[in-house]
Structure formats: C-alpha cells, structure tokens
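What follows is a single structure, written as structure tokens, with notes after it.
Chain identifiers are assigned alphabetically (A, B, ...) following the order of the sequence lines, protein sequences preceding nucleic acid strands; residue numbering begins at 1 within each chain.
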Amino acid sequence: MPLRFYNTYSQRLEQFQPQDGRRVRMYTCGPTVYHYVHIGNFRTFAFQDVLRRTLRARGFELDHVMNITDVEDKIIRGAMERGLSLDDYTRQYTEAFLEDSANLRLEQPERLVFATHHIGDMVRMIEGLSEKQHTYSSEGSVYFRIGSFPEYGRLSKINLAGNIAGARVDVDEYEKDDARDFVLWKARKPGEPGWDSSLGCGRPGWHIECSVMAMKYLGETIDIHTGGVDLVFPHHENEIAQSEAYTGKRFVRYWLHAEHLMVEGQKMSKSLGNFFTLRDIIERGYSPDAIRYLLISAPYRKQLNFTFDGLKAAATSIERLRNFMLRLNNARLGAGANPEFEARTDTARRDFDAGLDDDLNTADALAAVFEYIRDANTAMDTGAFREGNLAGAQAFLQQFDAVFDVLKPLVREDALSDAEIEARVADRTAAKKAKDFARADAIRAELLQQGIVLEDTRDGVRWKRK
RNA sequence: GGCGCGGUAGCCAAGUGGUAAGGCAGAGGUCUGCAAAACCUUUAUUCGCGGGUUCGAUUCCCGCCCGCGCCUCCA
C-alpha cells in the first residue's frame with residue numbers, strides 16, 4: 001500500500017511521490033515567539049513529527065525547514081512593554097519552544113531558520129515582485145495586489161467575487177487598494193524597530209518570510225508544506241500568490257494541514273484564553289509522554305478534544321505498551337519458534353504500516369499494536385510464543401516506537417541507578433524467601449516512593465520506573 | 001452569507017455496500033502471601049434524524065437537525 005496524504009489543494013487523497021527520488025523537501029510554519037507555545041500549537045508540531053518519522057520509515061531522506069517568526073506585531077508590542085530588544089524578548093520564547101519540543105520528543109527539523117536573519121532576501125523578493133507588477137506602495141508600505149494573481153483563492157476555496165457578507169473585515173491601519181491585498185513590507189512607525197532597505201525603513205509582513213526561506217533552502221517547488229488549518233487562509237494562500245507570481249512555478253506539491261485541538265468544544269487559542277502550555281500540564285503532574293501520546297493518537301485531520309480524562313487515559317495506554325515491552329524483555333520462553341505466531345507478527349507489522357500509509361491514520365495503526373499485544377500476551381501465557389518469536393516481536397515494537405516514541409520512560413537525574421534498584425530487589429527477594437513479607441512489602445513500598453514499581457511475575461520480579 | 005470538517009458505546013476514537021477496530025473507565029472470573037501485571041468473559045441488535053437506491057446501508061443519494069473551524073491575530 002503506497003503512502004497517501006490528503007492534499008488540501010486538491011481536496012483529495014493523493015499518493016505521495018517526491019519530485020526528486022527519495023529526497024523530500026518539506027517546509028513547516030513554525031511558532032511566532034511572543035509567548036509560550038500552547039499544546040494546541042504542539043498538536044500541529046506533533047503531527048509533523050509523525051509525518052517526519054513515517055517518511056523516514058519509508059526510506060525517504062528529509063530536508064525539512066521550519067521557521068521561527070521572530071518579528072511581528074505582538075512581538076514588537078511585547079518587547080516594547082517589557083523594555084527588551086527584539087532579540088532578548090524572542091530568545092527566551094524560542095528557547096522555551098525548543099525545550100518543550102524536546103520534552104515532547106519532537107525531532108528537530110534539519111534546518112531551523114529565523115525571519116530576522118533573512119530580511120535582505122525578503123527585500124529582494126519584494127523588489128522582484130514589484131518588477132513584475134504585483135505590488136504597489138502606499139504610505140511607505142508595499143502591498144501585494146491579489147488582483148494580479150488570477151489563481152488567488154484556490155487553496156482555501158475563497159471566492160473573491162464577494163461572499164464575505166457577515167465576515168469581519170478589519171479596517172487596516174494602512175491604506176490598501178483592496179481589503180484583501182496583503183502587506184509585504186510595513187513602513188516603520190515611531191518607536192518600532194525597522195530595517196533600512198531600498199523599500200524604505202520598515203519590516204517584513206508576515207507572509208513573505210515563509211516563501212523566502214522555503215525557496216532559499218528548498219528550491220522554487222517544494223514537496224510538502226504543513227501547518228495548522230487556521231493558516232490555510234490567509235497565510236498559505238498568500239504564500240502561494242507571492243511565490244508563484246515571483247517564479248511562475250508551482251510552489252508546493254502537497255499541502256498538509258492539521259486540525260485544531262479543542263477545549264470544551266472550542267478551539268484552543270491564546271485569544272480565547274482557553275489554552276494550556278506544556279509547562280502548565282507538567283506542573284499538574286502529567287508526563288510529556290502522555291501529552292505526546294494524546295496529541296498523536298487521533299488522526300491529525302480530525303479535531304481532537306483535549307480533556308484531563310483523556311490525558312489520564314493516554315498515560316494508562318502508555319503503561320500498557322511499556323508493560324508489554326518489559327514482559328518481552330524479561331520473558332522466559334520455550335525453545336524454538338512458532339511459525340504461526342511469526343505470521344501473526346508479520347500481519348501486525350503490515351497492519352501498522354497500512355494505518356500510517358493511509359494519511360497517517362495513527363488510531364488505526366495503534367489498533368494494530370494493541371491487538372497484537374493482546375494476542376502476544378495470550379501466546380506467552382499458553383506457551384505458543386517461543387524464543388524464536390521474540391526477535392520479531394521486538395522488531396515490531398521498535399517499528400512502532402520509531403514513529404510514536406513513547407516506550408522509553410523518562411529517567412530523572414536524581415533517580416536511583418539500575419544497580420541500586422537491583423540490590424534492593426535482591427533484598428526483597430531474600431526477605432520473601434524467608435517469608436518475611438512485612439520486610440518485603442516495606443522494601444517495595446520504599447521503592448515505590450522513589451518512583452520504582454515492583455511486580456512479581458511468574459518469570460520473576462520485574463521493576464520499572466513510573 | 002461563502003468555504004471546509006464532523007456527529008459511532010460512560011469518555012476518547014477507527015471503519016466498511018454484507019451486517020460495528022482499538023484505548024480508557026466499569027462489572028465478573030483466573031493467577032497471586034499481598035499488590036501489580038497479564039489473560040478470559042462482559043459493556044452499541046446499533047452508527048444525529050427522516051426519506052430514497054439496493055437482496056442488503058453506519059457506509060451511496062436527497063432533505064433536515066446539531067457541533068466546530070476559516071472568511072486577514074491565529075498551529
């Protein structure tokens with residue numbers, strides 16, 4: 001089954017094939033660093049992580065660029081309020097974003113690029129657009145004239161003939177010919193930061209950075225562009241307009257958009273104030289693993305309702321997965337291999353891949369894992385699972401974890417070492433042998449206090465970090 | 001008003017023209033010094049509502065109801 005993605009542009013499921021053999025050029029709209037990124041934002045980044053890992057599992061080589069928007073109205077306002085330079089203000093949130101990403105086990109893109117490092121490139125592209133008559137100036141700002149790009153609206157299915165009755169149309173602080181034209185270069189206002197350029201002193205509009213950085217590092221036509229659904233219009237529509245007007249070529253081959261994380265039936269968003277940051281949730285005692293699992297366990301194109309019950313369920317699900325991994329690692333198995341069970345493993349591996357291949361249907365892929373775990377547990381109980389079946393089962397778990405990455409528990413720095421734990425476990429086993437259950441239970445309770453759980457299985461004592 | 005997505009058990013959530021995955025929670029049981037883990041059984045005669053097509057529809061078509069998102073802050 002080939003890898004297929006839903007392309008927002010065509011509104012269809014399409015077989016994925018990069019333009020350049022095995023190399024995938026991919027661009028992601030990253031965060032605007034004016035605040036801590038909330039877990040709704042992280043849903044999109046987690047989706048991109050699953051996408052990356054799935055692509056690699058299929059043998060593709062990634063060249064993935066993600067931008068950090070480090071100049072923008074809210075950033076400027078925030079920095080001014082706090083009396084900080086733009087750099088000092090954005091640095092702390094950029095670092096927080098990277099730290100949170102690491103806690104969620106999100107892979108770093110191959111390149112992380114900053115808007116403010118590409119001002120010159122943006123100015124050159126705006127000049128190029130002006131030469132091709134796609135822009136006009138007004139009060140020191142430069143605008144893109146969408147009337148000059150007939151394809152405008154194809155991605156978002158926006159009908160330019162009108163249909164915005166009932167929609168809010170902001171009165172812009174700058175003069176525009178048409179309310180839907182967008183700004184490429186904003187004239188500097190008193191007290192604001194600005195860059196001197198042939199366009200005058202000012203700063204870039206929001207959309208231009210993504211076109212510039214995507215094309216600079218990945219070429220004029222890229223394979224995959226991702227973001228949240230709220231970026232479809234106007235951001236991605238505008239990216240297409242300016243990029244294609246500039247190059248005359250198709251900008252993006254596959255547009256992938258993640259749906260929103262919801263809270264009590266509404267989109268989680270900063271402006272609604274109904275958001276949680278990763279830090280908030282960790283403070284409440286939940287692990288980043290559980291959040292990662294929750295965010296990626298539902299297919300990315302469906303709205304996902306965030307609840308703490310859901311988070312608890314996610315944590316319990318991870319427990320089940322880890323318990324199975326431990327059981328495999330500690331199992332005492334009969335000799336030989338059972339070909340029937342080996343076939344069961346092969347089926348599970350195929351089903352898992354088929355789920356991901358189907359537009360990253362993680363829920364379907366997970367079902368394949370859990371069904372397999374049940375069958376494998378039963379087979380270990382009955383003896384149908386033999387030594388020779390272990391390698392296949394472990395390979396499947398690795399295949400699963402290469403994408404989901406939730407099996408390895410966090411080991412805190414102040415935690416007991418493996419050797420210390422083993423020693424206590426041996427003490428307890430000795431106490432048990434002597435029928436000194438009080439002492440055995442005391443050791444177990446003491447370890448539990450340190451986050452170590454002991455379990456007596458028929459294959460011996462097993463311990464794990466909670 | 002335009003465009004898009006969705007409504008499946010207590011909660012989360014797959015899915016298909018042929019009779020409902022999986023997870024969590026709940027109930028009963030097996031195992032066990034206890035605990036935990038694990039396994040077994042059990043929990044939707046039914047997939048928002050009403051029509052239609054069909055031998056057969058949750059799945060296709062039509063209409064309706066409800067929720068959410070976007071329509072220039074937005075992942």
* To do: Classify the side chain of K302(A) versus the base of C5(B) as yes if they form a donor-acceptor pair under 3.5 Å and no if they do not.
  => no
* Structure fact -> Testing A13(B), C68(B), C74(B) for proximity to the side chain of Q303(A), the answer is C68(B)
* Asked: Tell me, what's RNA chain B's dot-bracket, Watson-Crick or G-U with both distances under 3.5 Å, | for other-strand, [ ] crossing?
  -> (((((((..(((.....[...))).(((((.......))))).....(((((..]....))))))))))))....
* Structure fact -> D309(A) atom CG is separated from G26(B) atom P, nearest whole Å, by 12 Å
* With side-chain hydrogen bond (donor to acceptor under 3.5 Å, both in side chains) as the test, would you mind laying out the steps for Y152(A) and N238(A) before giving the verdict? => CA-CA 8 Å; Y152(A) 195 85; N238(A) 292 350; 2.4 Å; yes
* Structure fact -> Testing G23(B), A21(B), C70(B) for proximity to the side chain of F370(A), the answer is G23(B)
* Which word best sums up how the rings of F182(A) and F144(A) line up, parallel for under 30°, tilted for 30 to 60°, or perpendicular for over 60°? -> parallel
* In whole angstrom, give the distance that lies between atom CG of D230(A) and atom C1' of C68(B). => 13 Å
* To do: Assign the ring pair Y300(A) / F47(A) to parallel, tilted or perpendicular, where the plane angle (0 to 90°) is split at 30° and 60°.
  => parallel
* Asked: Considering all heavy atoms of both residues, which atom of Q303(A) and which atom of E259(A) are nearest to each other, and what is their separation?
  -> CG-OE1, 3.3 Å
* Base, sugar-phosphate, or nothing for A367(A), non-hydrogen atoms under 4.0 angstrom? -> base
* U58(B) and C49(B), which share atom name P, separated by this distance in whole Å -> 10 Å
* C1' atom, G7(B) versus C39(B): distance in rounded Å? -> 35 Å
* To do: Compute both the distance and the angle, then confirm whether R301(A) meets the cation-pi test with Y6(A): under 6.0 Å from the six-membered ring centre, within 45 degrees of the axis.
  => yes
* To do: Could you give the distance separating A25(B) and A38(B) at their P atoms, to the nearest angstrom?
  => 10 Å
* Structure fact -> note: L311(A), atom CG; C11(B), atom P; distance rounded to Å ~ 19 Å
* Would you mind classifying the nucleic acid contact of G40(A) as base, sugar-phosphate or nothing, using non-hydrogen atoms under 4.0 angstrom? => base
* Asked: When we call it a touch if two heavy atoms are under 4.0 Å apart, what does A258(A) touch: a base, just sugar-phosphate, or nothing?
  -> nothing
* **Nearest-angstrom distance from the residue atom NZ of K312(A) to P of C11(B)** => 16 Å
* To do: For T44(A) and for L304(A), locate the closest nucleotide of RNA chain B by heavy-atom distance; then report the residue assigned to the nucleotide nearer the 5' terminus.
  => L304(A)
* To do: Under the side-chain contact (heavy atoms from CB on, under 4.5 Å) rule, collect the residues that match up with H35(A), sequence neighbours excluded.
  => K270(A), F275(A)
* Pairwise C1' distance for G6(B) and G15(B), with rounding to whole Å -> 15 Å
* Who passes side-chain hydrogen bond (donor to acceptor under 3.5 Å, both in side chains) against T8(A), sequence neighbours left out? -> H257(A)
* C1' atom, G18(B) versus U59(B): distance in rounded Å? -> 11 Å
* Asked: How close or far is atom C1' of A75(B) from atom CZ of R301(A), stated in whole angstroms?
  -> 17 Å
* Using a cut-off of 4.0 Å on non-hydrogen atoms, how would the nucleic acid contact of S156(A) be classed: base, sugar-phosphate, or nothing? -> sugar-phosphate
* Taking the side chain from D401(A) and the backbone from L407(A), do they hold a donor-acceptor pair closer than 3.5 Å? -> yes
* Asked: So what does M262(A) hit on the nucleic acid, given a heavy-atom distance under 4.0 Å: a base, only sugar-phosphate, or nothing?
  -> sugar-phosphate
* Proximal nucleotide (of C71(B), G69(B), C24(B)) relative to the F233(A) side chain -> C71(B)
* To do: At under 4.0 Å between heavy atoms, which parts of nucleotides 29-39 of chain B does protein reach? Answer with one letter per nucleotide, 5' to 3': B base, S sugar-phosphate only, - none.
  => ----BBBBSSS
* Asked: Is the ring centre of Y36(A) less than 6.0 Å from the ring centre of F276(A)?
  -> no
* Remember a base hit wins even if backbone is also touched, and classify L326(A) as base, sugar-phosphate or nothing at under 4.0 Å, heavy atoms. => nothing
* What residue pairs, at least two apart or across chains, pass salt bridge (charged side-chain N to carboxylate O under 4.0 Å, His left out) with a residue in residues 444-456 of chain A? -> R424(A)-E446(A), R428(A)-D456(A), K432(A)-D456(A), D441(A)-R444(A), E455(A)-R462(A), E455(A)-K464(A)
* Structure fact -> To the nearest angstrom, the CG-C1' distance between L356(A) and A14(B) comes to 13 Å
* Structure fact -> Of N41(A) and H207(A), the one whose nearest nucleotide on RNA chain B sits closer to the 5' end is H207(A)
* To do: Please work out whether the ring planes of H236(A) and H225(A) are parallel, tilted or perpendicular, with thresholds of 30° and 60°.
  => perpendicular
* Asked: How would you label the contact of P31(A) with the nucleic acid (heavy atoms, under 4.0 Å): base, sugar-phosphate, or nothing?
  -> nothing
* Mind checking the C1' distance from G51(B) to A44(B)? Whole angstroms is fine. -> 24 Å
* Spacing of the P atoms in A9(B) and G50(B) (rounded, Å) -> 16 Å
* Structure fact -> When rounded to whole Å, the CD to P distance for the pair Q266(A) and C66(B) reads 18 Å
* Residues in side-chain contact (heavy atoms from CB on, under 4.5 Å) contact with T307(A), at least two apart in sequence or another chain -> N305(A), D309(A)
* Tell me which nucleotide among C24(B), A14(B), C70(B) gets nearest to the side chain of N361(A). => A14(B)
* Quick one: L231(A) CG to G4(B) C1', roughly how many Å, whole number? -> 15 Å
* Scan H38(A) against the nucleic acid and name what it touches under 4.0 Å (heavy atoms): base, sugar-phosphate only, or nothing. => base
* When you compare G26(B) with A36(B), how far apart are their P atoms, in angstrom units rounded to a whole number? -> 12 Å
